[in-house]
Visitor: 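Quick one: this structure, given as structure tokens, is what I'll be asking you about.
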Amino acid sequence: RDLHMNACKTLRSAVLISVGLLTSGFLVLGLSEWASTSLPMLTPAVHVALWLVLGAIATLTLALAVAAWPGQSLEGCIH
């Protein structure tokens with residue numbers, strides 16, 4: 001049972017981290033678009049936003065792959 005709870009906590013944590021990275025990426029992109037009217041050279045900010053969004057996708061993908069690994073069970077997770 002303890003192993004199942006660890007899998008649930010890990011997946012829940014990964015989802016929260018993924019949401020945080022995705023939100024940060026969109027905020028950085030929005031701020032760079034907003035500031036581009038006065039500062040036209042904000043390519044590094046756009047790259048940071050891209051890496052944050054890609055990090056969110058990778059985090060969630062890895063967490064789901066680990067959760068789907070043979071021997072892992074998410075049956076006891078409370079949503």
Side-chain angles (χ1 to χ4, degrees):
R1 177 164 170 82
D2 204 27
L3 180 63
H4 299 304
M5 291 308 292
N6 285 338
C8 293
K9 288 179 183 178
T10 301
L11 188 58
R12 193 174 298 124
S13 298
V15 167
L16 291 176
I17 290 169
S18 180
V19 166
L21 288 170
L22 189 64
T23 303
S24 298
F26 285 137
L27 284 174
V28 169
L29 181 62
L31 288 173
S32 68
E33 289 291 323
W34 176 72
S36 68
T37 56
S38 59
L39 302 170
M41 299 299 288
L42 287 177
T43 305
V46 174
H47 287 153
V48 168
L50 175 66
W51 283 111
L52 286 168
V53 170
L54 290 176
I57 294 168
T59 301
L60 195 55
T61 302
L62 183 63
L64 290 174
V66 168
W69 196 264
Q72 295 288 335
S73 176
L74 299 176
E75 292 174 7
C77 292
I78 299 171
H79 301 289

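These numbers come from a predicted model, not from an experiment.
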Visitor: In Å, rounded to the nearest 0.5 Å, how long is the span from CG of Leu16 to OG1 of Thr59?
Guide: 11.5 Å
Visitor: For the hydrophobic clusters of this structure (ILVMFWY residues joined by side-chain heavy atoms under 4.5 Å, transitively), does one cluster hold both Leu21 and Leu60?
Guide: no
Visitor: Decide whether Val15 and Val53 are clustered together by the hydrophobic rule: side chain heavy atoms of Ile, Leu, Val, Met, Phe, Trp, Tyr closer than 4.5 Å, transitively.
Guide: no
Visitor: Side chain of Ser18, backbone of Ala14: donor and acceptor closer than 3.5 Å?
Guide: no
Visitor: Could you grab the distance from atom OG1 of Thr23 to atom CZ of Phe26, nearest 0.5 Å is fine?
Guide: 8.0 Å
Visitor: Determine whether Leu64 and Leu11 make a side-chain contact, defined as any pair of heavy atoms from C-beta on separated by less than 4.5 Å.
Guide: yes
Visitor: Hey, what do you get for CG (Leu22) to CG (Leu54), rounding to the nearest 0.5 Å?
Guide: 10.5 Å
Visitor: Run through Leu52, Leu50, Val46 and flag the one making a side chain to side chain contact (heavy atoms under 4.5 Å, CB included) with Val48.
Guide: Leu52
Visitor: Tell me whether Ser32 contacts the main-chain N or O of Leu29 through its side chain, where contact means a donor paired with an acceptor under 3.5 Å.
Guide: yes
